[in-house]
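Have a look at the structure below before the remarks.
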Amino acid sequence: MNTQEPTILEGEIYEIIYQNEDNGYTVCDINYNNSLVTACGHMPFIAPGEEVRLYGKWVTHPDYGEQFSVSSLERTLPKKTSAILSYLASGIISGVRESTARKIVDKFGEESLEVIALNPEKLAVIRGISPARAKKISESFLIRQDAAQTVIFLQEYGVTPNLALRVHKIFGQKAIDLIKENPYILCDSVERIGFKTADRIAGEMNISKNHPGRIASGIKYALSNAALSGHTCFKAAELIPYCASLLGCENEEITASLFSLRESGELIFEEEFVYLPLYFNMEVTAARRLCDLMYIKKPLTDNLQANIKRICDTQSISLSPMQEKAVMMANNGGVLIITGGPGTGKTTIMKIIMELFLSNEYKIALCAPTGKAAKRLGESCGMEAKTLHRLLEVEVNDAENQRFARNEYNPIDADVVIVDEMSMVDIVLFGSLLKALKRGSTLIMAGDADQLPSVGAGNVLLDMLESGVIPFVKLDEVFRQAGESRIVTNAHRINKGEMPLENDSKTDFFFMGRTSEAALETICELCSGRLNKAYGFDAINDIQVLSPSRKGIVGTINLNRVLQSRLNPPSKDKKEKAFGERIFRVGDKVIQTRNNYDMIWSTSDGGEDGFGIYNGDIGTILDISTKNKTLSILFDDNKIVEYDFSSVEDLEIAYALTVHKSQGSEWSAVIVPVCSFPPMLMTRNLLYTAVTRARLLVILVGSQESIRTMINNNKIQMRFTGLKRRLKELCGDDGQAS
């Protein structure tokens, strides 16, 4: 047997060596030409005794020798009595084990599977099988066959078995018929199957470009794309020609579909805007609940001045007049926003507020959007802080849609909830948080309104501030100790439209003039040795390169490729695995790019296991097992996660990140290429956000002209949202802004 043999392998499944029930990845032995060969690949639901035709290629495994790597398969149920017995005895059917399998085959022989599928009541003549058990055996068999057929059907259209299994979980027995009728139900209902994939499948099925399902899904796809750019809604007058161009249809066809979607409730129209229901409902929820919290607010403690003085004296803290005002406003209850740039004391105020309420026996919950931000908040306040997802107790259903166990019917057990890094919170997460607050509780939010807005839809912090109805305190005094840092000084200079100060030998802020090509080499030198030699910074844990863009010479894609080769080069002592053009190697720094709520993690210190790895979590590859098809990754807080090879699509190399991906995180040293990028990325708030991610050192590498261009470009990309307007309409002029 060799790699030149035909790429079709036919035979009977002899033994299942390994099978991942979630994604169908299987290693099995096949009886091929009277000898056993090993096949591996996504082969869900196969069982011993089945006849299969496998398509793929022969490969040589470094540990296990020659194997057949499967790309697709055809399967037929066993026909011989011996094969049927092997199939049933494998445990593939719920309620049937070896003894029961033998009884069924002894009674019905080669007709056993037909009886199970079509006449299950006949099974009840066998001792030990009741009519109810016979029905369950038949149902289990049929469900498994349906799922297998769905996988095989979708495989023809390039859909992976992993995704096909999700499709079957959602649509069940009717999956194939429903998809044939309207392939666009895939992008409407299945996460990770987008409109383009559904459109390609529809094209291969020769479905017309004017198919109503295509137009409807195309409109929803356009609105979902708008949400990825931060919009919760879209102007109808702009949506119609945009979708007509996108889909190659007439404006009249788009208009007709819009009316149909409105009638079915799949879209919501409000004035000149069109919403997907999720974003409309969350905006309405957020506005109403914020107004409710403000309406029923009440003072939380007596003897306020004395209590503040006692806490400040105990902690040797002196509050500025504006900081003291913020603490006093927090005591009013309801809602308060504390905003300001770096070094203005937001964290100090939150700590004082927390101590004030704890001393009066109120229950406090501290939270932030990301794990790193929550950890930083908890360390600053001396109390556990959770991510918002963990505070809300996120769960997922079979379709991998998230829901929160904490909601209006099961609220968070806290009198005061304090949220940090509010600029990162999108409208869906914010609405979910507000639904989960107890009536009469207090919500205190802190954030820097000049940073980049949330990656998700909405402009929550800015909308609340600009509404004029939510009480807020803006801190603009930089305290002496923070002011000694050039990072803090320059962050405020950038925010005011001024060029940063640089290149004092005693400073923590440097500029290195380079062309784009030279900037790449300089960044590599800084990461691979210069900063370690000068400051003792570790390249993996302490240094982070933040680029405005993914593309270009100093975009994250190329930076990660080059930095990986310099910081973690290939070695015979390091395991690695290629996935397409991507290579993951033991020791690589990686980032999770998508929320995975049911990913199990364990802790290296023997603590309790938990669930959930989130978009933006950064870790290091500890091990790669070709035998088990897994990557082991160590994330923050000693969380160790085993990734199946099929899940690595959610991972990227992370020596360099986009500035957007860096929100909520901090590193000892941050290196920022400031070269020529697309104009939409050359903005003041992007540069400001990048600079404020550093604790001890910032190095800008590029051109003064690019820095000046970014600082002069204070245009913030407009987001279509309705929260500000709703707050004004619902709360009137009763809010108190400061």
Side-chain angles (χ1 to χ4, degrees), residues 21-25 42-45 71-74 143-228 239 242-243 246-249 253-254 257-258 260-261 264-267 276-279 396-403 428 457 593-598 646-647 649-650:
E21 290 294 332
D22 292 330
N23 59 35
Y25 187 88
H42 290 282
M43 297 178 279
F45 303 114
S71 57
S72 63
L73 81 157
E74 297 172 4
I143 288 171
R144 197 168 186 91
Q145 295 311 302
D146 288 333
Q149 291 304 315
T150 301
V151 171
I152 292 169
F153 170 74
L154 287 173
Q155 218 167 240
E156 295 178 21
Y157 298 101
V159 177
T160 65
N162 201 8
L163 275 178
L165 286 174
R166 292 177 188 152
V167 171
H168 186 266
K169 282 182 180 179
I170 295 169
F171 299 116
Q173 291 177 273
K174 298 180 180 179
I176 294 175
D177 290 339
L178 290 171
I179 294 166
K180 286 181 176 179
E181 181 182 341
N182 177 16
Y184 296 97
I185 63 170
L186 291 171
C187 59
D188 289 346
S189 305
V190 184
E191 189 177 354
R192 294 205 205 181
I193 296 184
F195 174 78
K196 291 183 178 179
T197 298
D199 204 33
R200 176 180 56 76
I201 293 171
E204 292 178 24
M205 290 181 177
N206 295 318
I207 289 176
S208 167
K209 287 191 174 183
N210 303 96
H211 187 283
R214 179 175 187 266
I215 296 175
S217 292
I219 291 170
K220 288 183 280 186
Y221 166 69
L223 288 169
S224 296
N225 262 4
L228 293 176
L239 181 64
Y242 173 75
C243 289
L246 175 72
L247 301 173
C249 300
E253 292 175 298
I254 303 298
S257 185
L258 281 171
S260 177
L261 289 168
S264 66
E266 294 175 80
L267 294 182
L276 290 169
L278 172 65
Y279 302 113
V396 288
N397 58 21
D398 287 342
E400 294 197 351
N401 296 317
Q402 75 167 26
R403 64 178 293 275
V428 175
T593 61
R594 174 181 167 273
N595 291 340
N596 190 326
Y597 308 106
D598 54 357
S646 64
S647 300
E649 60 190 350
D650 294 337

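Each residue takes its place number in the sequence, starting with 1.
Once rounded to the nearest 0.5 Å, the distance linking NE2 of H42 with CG of L73 reads 12.0 Å. Annotation: the span from C249 atom SG to H211 atom NE2 amounts to 12.0 Å, rounded to 0.5 Å. For the atom pair OG of S72 and CE of M43, the computed distance is 11.0 Å after rounding to the nearest 0.5 Å. To the nearest 0.5 Å, the span separating CG on L154 from CD1 on I193 amounts to 7.0 Å. The CG atom of L278 lies 9.5 Å from the OG atom of S224; values are rounded to the nearest 0.5 Å. K209 contributes atom NZ, which lies 12.0 Å from atom CD1 of I215 (distance to the nearest 0.5 angstrom).
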Go through the steps for L247 and I254 under the test side chain to side chain contact (heavy atoms under 4.5 Å, CB included), then give the verdict.
CA-CA 9 Å; L247 301 173; I254 303 298; 4.0 Å; yes
So E253 and N210, side chain to side chain contact (heavy atoms under 4.5 Å, CB included) or not? Walk me through it.
CA-CA 8 Å; E253 292 175 298; N210 303 96; 2.8 Å; yes
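In terms of heavy-atom proximity, L267 sits nearest to K220 at CD2-CG, 4.4 Å. A pairwise comparison of heavy atoms in R166 and V190 identifies CB-CG1, 4.4 Å as the closest pair. Taking both residues in full, the closest heavy atoms of T593 and E649 are given as OG1-O, 4.2 Å, listed atom of the first, atom of the second, then distance. Closest non-hydrogen pair, L239 versus A222, comes out as CD1-CB, 4.1 Å.
In terms of modelled atom types and a separation under 3.5 Å, the side chain of S217 and the main chain of R214 share no donor-acceptor contact. For R200 (side chain) and Y157 (main-chain N/O), a donor-acceptor pair under 3.5 Å exists by modelled atom type.
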Pair up each side-chain donor or acceptor in residues 176-187 with any protein partner under 3.5 Å, not counting sequence neighbours, and list the distances.
{"from": "N182", "atom 1": "OD1", "to": "Y184", "atom 2": "N", "distance (Å)": "3.1"}
{"from": "Y184", "atom 1": "OH", "to": "D199", "atom 2": "OD1", "distance (Å)": "2.5"}

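The side-chain heavy atoms of T150 and F171, taken from C-beta on, include no pair separated by under 4.5 Å.
For Q173, the side-chain contact (heavy atoms from CB on, under 4.5 Å) partners at least two apart in sequence or on another chain are D146.
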